[in-house]
Amino acid sequence: MSPLGPGEADPFVTHRSLLFTVAYEMLGSAADAEDVVQETWLRWADLDSGARSGVIDPRAYLVRIVTRQALNRLRTMSRRREEYVGEWLPEPLLTAPDVADDIELAESVSIAMLTVLETLGPAERAVFVLREVFDVPYDEIAEAVGKTQAAVRQISSRARAHVDARRPRMQVSRTEQQQVVDRFLAAVTGGDLQALMDVLAPDVVLVADGGGIAQAVRVPVFGAKKVANLLRPFPRVAVSPVVGLLWLNGGIGVRIDDEVAGPTLVSLVIEDGRITRIYAMRNPHKLGRMEEATALQR
């Protein structure tokens, strides 16, 4: 394989963040996404100089490879998810504040959206992600997923309707998001039940993921009263946890470090000034990427 010319960047390096983002949105797992990106690199590196020079659009070519690899892995992950102890939530990512500036990207990588994408079949998820998030042309998607353009258009329409019926409406400003999160934290850490009830939507849902390793409720908790009662003991533990804010999957999240219970990452969905969804991720195997922001790209 001949080396790149002077000043010529390797297309894989140029598009690596994009490839990771595609794989992560398809899989909901950063660890699996990294494996898929590595597999994509190996296939790219195996091309000789002649084959590489024949690739007219390296970006499209690499996206096609990463999609096929992610689809293969997604199909083999279904049994693993079925055997998972308790509720399964996506692996959270520490993200840079500028991810939130791209509203579509921030929504697409949010824990709430990734949870909705889990309800799609593998082909539907791949088509939805490529079309709705990355605006990949139908002919390229068809080649990536091994279907006709007509089939891809039908899958895209079906997947979009499915997601639209389930996606949370999170069109709130960063300022409003910050205010609601601050009210929530003040109520929880201060043990103020009424303030907590005021910031929770009546039909709020709390989902926790401990993976059978960390203590967590194994079924979703519905309703403001039940969720508030679950959170009330928080300030009365023997050793007060350390609570902080961070950018989590493109939005403002909460990190709780407890010497006894271990770390918890919390993602909140806010609608009309109240919290409608609380996702608490406690499985330690999913909390390994919290020291450095992950680069995401569309």
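- Annotation: side chain of Pro92 is not in contact with side chain of Tyr279 (no heavy-atom distance under 4.5 Å).
- Note: Leu117 CG to Arg125 CZ = 5.0 Å, rounded to the nearest 0.5 Å.
- Annotation for Ile155 and Glu124: closest pair CG2-CA, 3.7 Å, computed over non-hydrogen atoms.
- Residue Gln149 places its CD atom among more than 12 non-hydrogen atoms of other residues, nucleotides or ligands, all under 6.0 Å distant.
- Note: the hydrophobic cluster containing Ile256 also contains Leu230 (ILVMFWY, side chain heavy atoms under 4.5 Å, direct or indirect links).
- In the model, Arg166 has no side-chain atom that pairs as donor or acceptor with a side-chain atom of Thr119 under 3.5 Å.
- Hydrophobic clustering of Ile, Leu, Val, Met, Phe, Trp and Tyr side chains at less than 4.5 Å, counting indirect connections, unites Val66 with Leu42.
- Pairing each heavy atom of Thr95 with each of Val99, the nearest pair is CB-CG2, 4.1 Å.
- Counting heavy atoms from C-beta on, the side chains of Phe184 and Ile270 never come closer than 4.5 Å.
- In this structure, CD1 in Ile252 is found 7.5 Å from CG in Asp182, a value given to the nearest 0.5 Å.
- Every ring pair (Phe, Tyr, Trp, His ring centres under 6.0 Å) that Phe12 has, sequence neighbours left out, goes to Trp41.
- Thr40 contributes atom OG1, which lies 9.5 Å from atom CZ of Arg16 (distance to the nearest 0.5 angstrom).
- In the hydrophobic clustering of this structure, Val85 does not group with Met77; members are Ile, Leu, Val, Met, Phe, Trp, Tyr whose side-chain heavy atoms approach within less than 4.5 Å, directly or through other members.
- Across all their heavy atoms, Ser108 and Glu25 have their closest contact at OG-OE2, 2.9 Å.
- For the pair Gln69/Asp35, no side-chain contact is recorded, criterion being any heavy-atom separation below 4.5 Å from C-beta on.
- Inter-residue side-chain proximity for Ile111 and Leu265 is flagged as unmet; no heavy-atom pair is nearer than 4.5 Å.
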Please tabulate, one pair per line, all N/O donor-acceptor pairs under 3.5 Å involving side-chain atoms of residues 193-209, not counting sequence neighbours.
| residue | atom | partner | partner atom | Å |
| --- | --- | --- | --- | --- |
| Gln194 | NE2 | Asp198 | OD1 | 2.9 |
| Asp209 | OD1 | Tyr84 | OH | 2.5 |
| Asp209 | OD1 | Gly211 | N | 3.1 |
| Asp209 | OD2 | Tyr84 | OH | 3.3 |
| Asp209 | OD2 | Leu89 | N | 2.9 |
| Asp209 | OD2 | Lys286 | NZ | 2.6 |

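- The salt bridge (charged side-chain N to carboxylate O under 4.0 Å, His left out) analysis of residues 132-142, with sequence neighbours excluded, yields the pairs Arg131-Asp135, Glu132-Arg160.
- Residue Glu87 comes nearest to Pro220 through the heavy atom pair OE2-CD, 3.5 Å, listed as atom of the first residue, atom of the second, then distance.
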Yes or no on side-chain contact (heavy atoms from CB on, under 4.5 Å) for Val145 and Leu71, after CA distance, side-chain angles and deciding distance? CA-CA 8 Å; Val145 300; Leu71 264 176; 3.9 Å; yes
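- Put simply, OG on Ser173 and CD on Gln179 are 7.0 Å apart, with the number rounded to the nearest 0.5 Å.
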Checking Leu105 against Thr21 for the side-chain contact (heavy atoms from CB on, under 4.5 Å) test, could you report, in this order, the C-alpha distance in whole Å, the side-chain angles of both residues, the deciding distance, and whether it holds? CA-CA 10 Å; Leu105 176 60; Thr21 308; 4.1 Å; yes
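- With rounding to the nearest 0.5 Å, the separation of CD in Gln297 from NE2 in His15 is 8.0 Å.
- Side-chain contact between Leu74 and Leu27 is present, with heavy atoms from C-beta onward closer than 4.5 Å.
- A salt bridge is absent between Arg289 and Glu91; no separation between the charged side-chain nitrogens and carboxylate oxygens falls under 4.0 Å.
- Looking at Val163 and Phe128, their side chains come closer than 4.5 Å, going by heavy atoms from C-beta outward.
- Side-chain contact between His162 and Arg158 is absent, with no heavy atoms from C-beta onward closer than 4.5 Å.
- Residues satisfying the side chain to side chain donor-acceptor pair (under 3.5 Å) criterion with Asn249, sequence neighbours excluded, are Tyr24.
- The side chain to side chain donor-acceptor pair (under 3.5 Å) check on Glu83 picks up Arg79, with sequence neighbours excluded.
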Check step by step if side-chain contact (heavy atoms from CB on, under 4.5 Å) holds for Leu93 and Val109. CA-CA 9 Å; Leu93 295 177; Val109 299; over 6 Å; no
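- Between Gly250 and Ala100 the shortest heavy-atom distance is O-CB, 3.4 Å.
- We find the CG-CE distance between Asp32 and Met26 to be 11.5 Å, quoted to the nearest 0.5 Å.
- Annotation for Asp164: atom CG counts as buried by contact number, over 12 foreign heavy atoms lying within 6.0 Å.
- With hydrophobic clusters built from ILVMFWY side chains whose heavy atoms lie under 4.5 angstrom apart, Val127 shares a cluster with Val116.
- With contacts defined as side-chain heavy-atom distances shorter than 4.5 Å, the pair Glu39/Asn72 does not qualify.
- Under the side chain to side chain donor-acceptor pair (under 3.5 Å) criterion, Arg183 pairs with no residue at all, not counting sequence neighbours.
- Note on Ile278: it clusters hydrophobically with Leu245, by side-chain heavy-atom contacts below 4.5 Å among ILVMFWY residues.
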Any chance you could lay out the side-chain contact (heavy atoms from CB on, under 4.5 Å) test for Arg174 and Asp101, step after step, and finish with the verdict? CA-CA 9 Å; Arg174 187 180 298 184; Asp101 296 333; 2.6 Å; yes
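- The closest donor-acceptor contact from the side chain of Ser156 to the backbone of Arg153 lies at 3.5 Å or more, if one exists at all.
- Taking a 6.0 Å sphere around CZ of Arg298, one finds it holds more than 12 heavy atoms contributed by other residues, nucleotides or ligands.
- Looking at every heavy atom in both residues, Leu94 comes nearest to Met290 through N-CE, 3.2 Å.
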